[in-house]
Structures are given as C-alpha cells and as structure tokens.
Amino acid sequence: MADFNVKEIQSLKFRIQVVEQLSVVGVILMVLGWWYSWEGSVSIILTLLIIFQIIKWRFRKQLKQKEYLARVVEERTIELRVQRDQVMKESKELADALEALAEAQDELVRSERLATVGNLTKGLLDRILNPVNYINNFADLSVDLLKQLERNLASPDVKMSEELHEDTMELITMITGNLTKITEHGVNTVRIVKAMEELMKDQKAHMVPADVNNLCKVNLDIISKQYHKEIAEHNIKLSFDCLTLSLMIDMNIEQMSKVLIHLLNNSMYALLKKAEKQTFSPEIAVKLEKQNSSVSIKVYDNGNGIEESIKDKIFEPFFTTKPTSLASGTGLYLSREIVLNHKGSIQVESEKDQYTEVTVILPIYQNTESNG
C-alpha cells in the first residue's frame, strides 16, 4: 500500500473520531439544555449534531473510497510483484540456459578442433614414426661402426701415409658429426609425433576428490629433486603458500599433475635462461587461494618473462620459444585443455625480463558423472 494512501486513511479515521467525540459532547449538552431549560440552546445543539452527522457521513464515504483505492493499488502491486518475480525467474533460467549453451558450444568447438587434428594426423603418425625410428637406429649403428673403424685405423698394423691417415680421421669425424645431427633431429621428430599422439588422446578422465594442498606439494617436491643441481648452483628459492585447511576438490590427479609439472618446468627454464644473462635472486612461488566456489593455483617466477608480441600465441599447439630439441610446443595447449575439461580456466600475466604468473582456477565442486 502506498504511503500517501495510508496517511490519508489515517487522517480520515482521526477526523471521524473527532466528529464522533464532538457528537457525544453535543448530545450531552443537549440533554443538559433540555434539563435546565436553556432557551434556544437545544435547537442550536441539535443543528450542530445534524451538521456533525453530515460531516461524519462525508468522511466515511471518503474513507471507503480511499480504502477501496488502497486495496486496488495493493492488489495491483502484488500482481506486479508476482509478474516481476516471474520475469526475474524466467530471466535467470534464460541466462543459465544461455551460459550452458555457450559452454556446450565451446566444448563442441574444442572437440571439433581436436577431431580435425586427429583426422589429419591419425593416418600419418605410424607412417612418420616408423621411418624416423629406422633413421635413428641406422644413424646410431653407423656411429658405432665409425668408432670401430676409427679404432681399427689407430691400430699399428695399419700401414698408410700420415697425410692419408689424417684425411681419413677428418672424414670419420665429419661423418660422425653428421650422423649425430641426424639422430638429434630424428629424436626431435619423434618427440613431435608423440606430442601429436598426445593431442589426439581424450583428455577427459575419471575425477576423484583430491587434496589440492598435497597435489601442489608433491609436484613441487618432484621439481625440486629434478633440478636439485641447478637449484643449488643458482640458489633458487622455492616457496609454497598453501591453504590453511585441507581442501578436497574434484579432479583427475594424473592430468592436473601434468599441468603443474609443465608450469613448474617452464618457470625453471625461464629462471635458468635469465641467469645466463644477469645476476639476480631467482625464485618460484606456488600459492593457493580459495574463493567462494573455486580455488586458484598461482605459479609465479621472476624469470625472463614473455614478450608482449607472443602472449596471444602461447596456448597454440606446437608454438614454443624453446629450442626444438627441448620442447614440442604442446605443453601449455594441453594444460589449457585439461583445465577446461575440469570446468576451470587458466590465465597468464607476464612482463618481459621481470616475471610470469600463471593462474589456474578450478571449481571446488562439479558433476563428476559428466566427466567420468
């Protein structure tokens, strides 16, 4: 009910009460005037009583009209509230449906992209891998044969001029170098093919509740042992800011461990590359933060950072700034796919020669049946 209606109704009720009280006083005065024979007073009081009744009747009529209007307004207000609540409910349902549709579309696009890569590479993997393995094997075998030949030429029973011997040894060295390069490039090709096989795998897997504190600690310990010499040599600081309380979240432990290991390997590589150019205090920090319904895993390093011009390319498959002998360029791409399959997101902040911070945000609860 509107405030102005309430005030007008209360005012009319008050006026009616005043008129009723005046009427009672008038009746009493009329009785006294009749009793004491006040000349002319009775007729005056009677006239006033009639006027009071007319005023009272008009006030009551106005009161009924106001109350009727108030009821109409109240009913209309309730109706509008119901309609508003219905519209809000339908709007929320529509927003949820649009969000679900957007997620489904994103999932479909990613699935189609992977399917396209799979269709293009499925028939080529074995055809590429088998001959490359032959190349690598025969290159290694040839290197061994050259070493044997070198030992034979070094035998005192072999008679040849000093000049011919030097030329022969030089040729052996050149052939050995060429075969070594063939082997290196063959190994790189195998790595790329294996990476393509990894891209074709279904990244969805069974999820179970796991302690996110323990997940980060275990993988940080793995990196610490893997790079113990580099850590000691460059005095690299590793820190872990865990959650105060244990937190279980739904995840595939093996896949999320791959994500953390890859991010930590990238951080270590960035620190070592920067240490080649300048002296600084290298550090890697892993920090966990809990939001309302999600948890974020932040991996920070103060290494050589990422150039602004390539930030939008780092999640593309086969893109890498590392030498081909060290990386295939699928790590960040697969990490993002794994995080997306966990209904999460991954963000990167970086400044060249200053720092890089990768944030993985995962929901605490999710429908594990749909991902199983």
Side-chain angles (χ1 to χ4, degrees), residues 1-108 209 243-250 289-296 343-345 347 359 361-370:
M1 187 181 295
D3 291 340
F4 68 89
N5 285 333
V6 173
K7 292 179 180 179
E8 289 180 358
I9 290 173
Q10 290 177 346
S11 176
L12 286 172
K13 287 182 178 180
F14 176 74
R15 293 175 186 178
I16 290 172
Q17 290 178 354
V18 171
V19 172
E20 289 176 344
Q21 291 174 358
L22 290 174
S23 298
V24 172
V25 173
V27 170
I28 294 173
L29 290 175
M30 188 176 66
V31 171
L32 291 174
W34 176 77
W35 180 264
Y36 291 106
S37 300
W38 292 340
E39 295 182 357
S41 61
V42 174
S43 59
I44 295 174
I45 293 172
L46 181 59
T47 302
L48 290 174
L49 287 174
I50 293 173
I51 294 173
F52 288 159
Q53 290 302 314
I54 294 173
I55 293 174
K56 181 180 176 182
W57 173 80
R58 292 187 61 185
F59 284 164
R60 285 190 179 277
K61 184 177 179 181
Q62 293 177 6
L63 179 61
K64 289 181 179 180
Q65 292 175 344
K66 294 295 182 181
E67 288 178 340
Y68 172 76
L69 290 175
R71 284 195 301 271
V72 171
V73 171
E74 183 68 19
E75 291 173 357
R76 183 56 180 165
T77 301
I78 294 174
E79 182 180 350
L80 291 174
R81 287 174 181 170
V82 172
Q83 292 177 352
R84 181 200 61 187
D85 294 341
Q86 183 67 24
V87 170
M88 292 179 64
K89 180 181 177 182
E90 292 176 354
S91 298
K92 186 178 183 304
E93 292 176 352
L94 179 60
D96 293 341
L98 291 174
E99 183 178 356
L101 178 60
E103 291 179 357
Q105 288 177 333
D106 290 340
E107 182 70 20
L108 180 61
L243 297 175
T244 305
L245 299 176
S246 176
L247 176 63
M248 307 294 288
I249 68 174
D250 297 326
E289 293 181 351
K290 181 180 177 298
Q291 286 80 39
N292 293 331
S293 58
S294 63
V295 61
S296 65
K343 309 301 180 185
S345 62
Q347 305 166 358
T359 302
I361 301 175
L362 298 173
I364 297 175
Y365 304 105
Q366 57 179 287
N367 184 0
T368 56
E369 294 182 358
S370 63

Asks: About how many Å separate CG of Leu49 and NZ of Lys56, when rounded to the nearest 0.5 Å?
Replies: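 The distance works out to 11.0 Å.
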Asks: Would a 4.5 Å heavy-atom cut-off, applied to side chains only, mark Val82 and Glu79 as touching?
Replies: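 With C-beta onward as the side chain, the pair stays apart.
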Asks: Using side-chain heavy atoms (C-beta onward) and a distance below 4.5 Å, is Leu29 in contact with Leu48?
Replies: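 They are not in contact (no side-chain heavy atoms under 4.5 Å apart), so the answer is no.
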Asks: Using every non-hydrogen atom in the two residues, find where Gln53 and Ser23 come nearest and quote the distance to one decimal.
Replies: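 Result for this residue pair: NE2-OG, 3.7 Å.
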Asks: When rounded to the nearest 0.5 angstrom, what is the spacing between CD in Gln65 and CZ in Arg60?
Replies: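 Atom-to-atom, Gln65:CD and Arg60:CZ are 14.5 Å apart.
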Asks: Is there side-chain contact between Glu67 and Lys13, with heavy atoms separated by less than 4.5 Å?
Replies: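 Glu67 vs Lys13: side chains touch.
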Asks: Evaluate the side-chain proximity of Ile364 to Lys290: yes if any heavy-atom separation is below 4.5 Å, no if none is.
Replies: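 Contact flag for Lys290/Ile364 side chains = yes.
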Asks: Sequence neighbours left out, what passes side chain to side chain donor-acceptor pair (under 3.5 Å) with Glu75? Give chain and number order.
Replies: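 None.
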Asks: Quick check for you: to the nearest 0.5 Å, what is the distance between Leu362 atom CG and Ser293 atom OG?
Replies: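 It is 11.5 Å, given to the nearest 0.5 Å.
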Asks: State, to 0.1 Å, how close Pro363 and Lys343 come at their nearest heavy-atom pair, and which atoms those are.
Replies: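 In terms of heavy atoms, the two residues are closest at CD-O, 3.5 Å.
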Asks: Using a 4.5 Å cut-off on heavy atoms from C-beta on, say whether the side chain of Glu74 contacts that of Ile78.
Replies: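 In short, these two side chains touch, coming nearer than 4.5 Å.
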Asks: Please report the interatomic distance CD1(Ile51) to OG1(Thr47), rounded to the nearest 0.5 Å.
Replies: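 These two atoms lie 6.5 Å from each other.
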Asks: Between Lys92 and Asp96, is there a side-chain N and carboxylate O pair less than 4.0 Å apart?
Replies: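 Salt bridge: yes.
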Asks: Go through the side-chain N and O atoms of Gln21 and Gln17 and say whether any donor and acceptor fall under 3.5 Å apart.
Replies: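 Note: Gln21 and Gln17 side chains miss the donor-acceptor criterion.
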Asks: Which value, rounded to the nearest 0.5 Å, describes the distance between Phe59 atom CZ and Lys64 atom NZ?
Replies: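 Between Phe59 CZ and Lys64 NZ, I get 15.5 Å after rounding to 0.5 Å.
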Asks: Hey, could you give me the OG/CE distance between Ser91 and Met88, rounded to the nearest 0.5 Å?
Replies: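 Going from the OG atom of Ser91 to the CE atom of Met88 covers 8.0 Å.
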